[in-house]
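In what follows, every heavy atom counts, from backbone to side chain, and hydrogens, waters and symmetry copies are set aside. These numbers come from a predicted model, not from an experiment.
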Amino acid sequence: MRTFVKISVLLAFVVIVLGAYTRLTDAGLGCPDWPGCYGELTVPKDAEKAVELFPHAPLESHKAWNEMIHRYAAGTLGLVILAIAITALVRRRHDPAQPVGLPLFLLGLVTFQAALGMWTVTMNLQPLIVMGHLLGGFTTISLLYLLNLRLERVHMPLGDSKMRSLRGFAFFALLVVFGQIALGGWVAANYAAMACTQLPFCEGNWGERLDFAGAFSVPPADTYQYGAHDYAERMTMHVMHRFGAYFTTIVVGLLLWFGYRRTQTQVIRRSLNWVAVALVVQLALGFSNVIFMLPLKVAVAHNAVGALLLLSLVGLNYKIARNA
Ligand code: HEM
């Protein structure tokens, strides 16, 4: 079971990275149907037959492959989570201490993720669905990692009583990072990455043009590929993600400051180190997204390190809570 769970955390990370790569290569609609691709289990070789089936969506093989590889990896993850849930149920019969609620919840979550993946295609990249799919993926990996921690039974013989008072604040920091990831997902799903190209906020009279109602609603459109919001709305989303990043830095920075001053254990010090490294790298990647105009590798890495930052906070919260 522990091996299955470790594999699933790694696989979930691969699925998240492949998902970001699929979106950033504009391959989200690489296959216009679901779960197959132009009616087949793999990318069809016959482009003419594909056009006959879907005249409005000519086959672009490289995009279709990006999309299908993401689907195969996600399908494998679903099967691994199914195996974890079955193993948990079987082992529970012999050992009442075995966690079973979390594996079953994960099975429900990964099934819902599959539905969101389908709606991403059938609803033409509707941004709420795209962002929901991103958050579902980040929640799945976080819970798999939590299950891994629970099975590992982290051991701190001497305890770390001074960290007890930081329990609530560490959980608040976790929620703030999740909120910041949601804002990033909204920017990405609405193609607002290049709405502001200057630092630290945005160019021109951005403060006068903010439009919150427009930025956080979804205008009607036939397709959401390449975005459906106007400039002011995209600029508002982008600026909010930047403000969010500064706020996140303050909150996580304070957690690190107090954490390093109070901790007495190597286990928590190591966890704090992971949070600090992930935060610094994530900020550097975010700024690089803007300065170098969204290079593919940087944008994919910004998504991947966002997931790692979240995991580092899940780990820290778990260790503080177990210790309190
Ligand atoms: C702790 C801080 C941050 C976190 C957790 C975070 C997280 C994220 C996430 C999860 C995404 C969505 C990626 C995707 O869907 O592929 C995103 C997008 C983005 N972020 Fe951040 N971000 C942070 C800081 C920043 C900063 C400081 C900047 C720039 C100054 C920035 C600029 C961007 C841009 C331009 C995008 C859109 C990229 C795209 O379209 O793929 N981020 N962010």
Side-chain angles (χ1 to χ4, degrees), residues 16 19-34 54-58 60 63-64 66-67 70-71 112-139 176 178-248 286 289-290 293-294 296 299-300 302-303 306:
I16 284 175
Y21 184 77
T22 302
R23 188 184 55 72
L24 283 153
T25 50
D26 299 321
L29 297 179
C31 298
D33 50 342
W34 189 96
F54 293 91
H56 305 297
E60 290 178 79
K63 289 189 180 181
N66 289 353
E67 170 72 0
H70 173 62
R71 288 188 199 173
F112 185 58
Q113 268 297 93
L116 284 170
M118 175 184 72
W119 293 325
T120 298
V121 176
T122 56
M123 293 171 76
N124 289 326
L125 306 180
Q126 212 274 17
L128 274 177
I129 303 288
V130 174
M131 186 188 71
H133 195 44
L134 174 103
L135 293 181
F138 278 48
T139 307
V176 168
F178 194 77
Q180 171 65 1
I181 287 167
L183 281 172
W186 194 240
V187 171
N190 289 295
Y191 301 81
M194 289 293 97
C196 296
T197 51
Q198 277 179 24
L199 296 167
F201 299 115
C202 200
E203 52 269 31
N205 55 344
W206 62 271
E208 292 158 26
R209 300 188 65 183
L210 290 172
D211 175 0
F212 293 100
F216 295 102
S217 58
V218 181
D222 291 336
T223 175
Y224 293 91
Q225 185 154 37
Y226 308 118
H229 289 82
D230 65 26
Y231 171 75
E233 292 165 345
R234 290 185 206 210
M235 179 273 291
T236 307
M237 298 169 195
H238 192 120
V239 167
M240 284 302 107
H241 184 56
R242 296 235 191 144
F243 274 113
Y246 304 141
F247 181 65
T248 305
N289 264 342
V290 174
M293 301 181 79
L294 204 65
L296 179 60
V300 172
H302 190 57
N303 181 301

Return the minimal non-hydrogen interatomic distance between [X] and [Y], and the atom names on each side.
{"X": "Val121", "Y": "Cys31", "answer": "CG1-O, 3.5 Å"}
{"X": "Met194", "Y": "Leu294", "answer": "CE-N, 3.9 Å"}
{"X": "Tyr231", "Y": "Ala195", "answer": "OH-O, 3.1 Å"}
{"X": "Tyr21", "Y": "Val300", "answer": "CA-CG2, 4.1 Å"}
{"X": "Ala299", "Y": "Leu24", "answer": "CB-CD1, 3.6 Å"}
{"X": "Asn124", "Y": "Asp222", "answer": "ND2-O, 3.0 Å"}

Just distance, no hydrogens or angles: give the donor-acceptor pairs under 3.5 Å from side chains in residues 238-247, sequence neighbours left out.
from	atom 1	to	atom 2	distance (Å)
His238	ND1	Ala192	O	2.9
His238	ND1	Ala193	O	3.2
His238	NE2	Arg242	NE	3.1
His238	NE2	Arg242	NH2	3.1
His241	ND1	Gln180	NE2	3.1
His241	ND1	Gly184	N	3.3
Arg242	NH1	Gln198	O	2.6
Arg242	NH1	Pro200	O	3.1
Arg242	NH1	Phe201	O	2.7
Arg242	NH2	Cys196	O	3.1
Arg242	NH2	Gln198	O	3.4
Tyr246	OH	Pro200	O	2.6

Atom [atom1] of [X] and atom [atom2] of [Y]: how far apart are they, to the nearest 0.5 Å?
{"X": "Asp33", "Y": "Met118", "atom1": "CG", "atom2": "CE", "value": "12.0 Å"}
{"X": "Ile16", "Y": "Phe138", "atom1": "CD1", "atom2": "CZ", "value": "5.0 Å"}
{"X": "Trp34", "Y": "Thr122", "atom1": "CH2", "atom2": "OG1", "value": "9.5 Å"}

Taking the basic N atoms (NZ, or NE/NH1/NH2) and the acidic carboxylate oxygens, is any pair closer than 4.0 Å for Arg71 and Glu67? yes

Salt bridge (charged side-chain N to carboxylate O under 4.0 Å, His left out) with Glu233: which residues, sequence neighbours excluded? none

Can you sort out the partners of Gln113 under side chain to side chain contact (heavy atoms under 4.5 Å, CB included), two or more places apart, ordered by chain and number? Leu116, His133, Thr140

Those residues at least two apart in sequence (or on a different chain) that pass side chain to side chain contact (heavy atoms under 4.5 Å, CB included) with Pro219 are Ala228, His229

Excluding sequence neighbours, so at least two apart, what forms side-chain hydrogen bond (donor to acceptor under 3.5 Å, both in side chains) with Thr223? none

side-chain contact (heavy atoms from CB on, under 4.5 Å) between Leu125 and Arg23: does it pass, once the steps are laid out? CA-CA 10 Å; Leu125 306 180; Arg23 188 184 55 72; over 6 Å; no

Hey, does the side chain of Trp186 reach the backbone of Leu128 with a donor-acceptor pair shorter than 3.5 angstrom? no

Sidechain-backbone polar pair: Asn66 side chain, Thr25 backbone, donor-acceptor under 3.5 Å: no

Is the number of heavy atoms from other residues, nucleotides or ligands under 6.0 Å of Phe178 CZ greater than 12? yes

For Gln225 and Tyr191, run side-chain contact (heavy atoms from CB on, under 4.5 Å): C-alpha distance rounded to whole Å, both residues' side-chain angles, the deciding distance at 0.1 Å, then the answer. CA-CA 8 Å; Gln225 185 154 37; Tyr191 301 81; 4.1 Å; yes

Does the pair Asn190 and Tyr224 meet the rule for a side-chain contact (heavy atoms from CB on, under 4.5 Å), with working shown? CA-CA 8 Å; Asn190 289 295; Tyr224 293 91; 5.7 Å; no

Please list all pairs passing the side-chain hydrogen bond (donor to acceptor under 3.5 Å, both in side chains) test where one or both residues lie in residues 201-211, with sequence neighbours left out. Thr197-Glu203, Asn205-Glu208

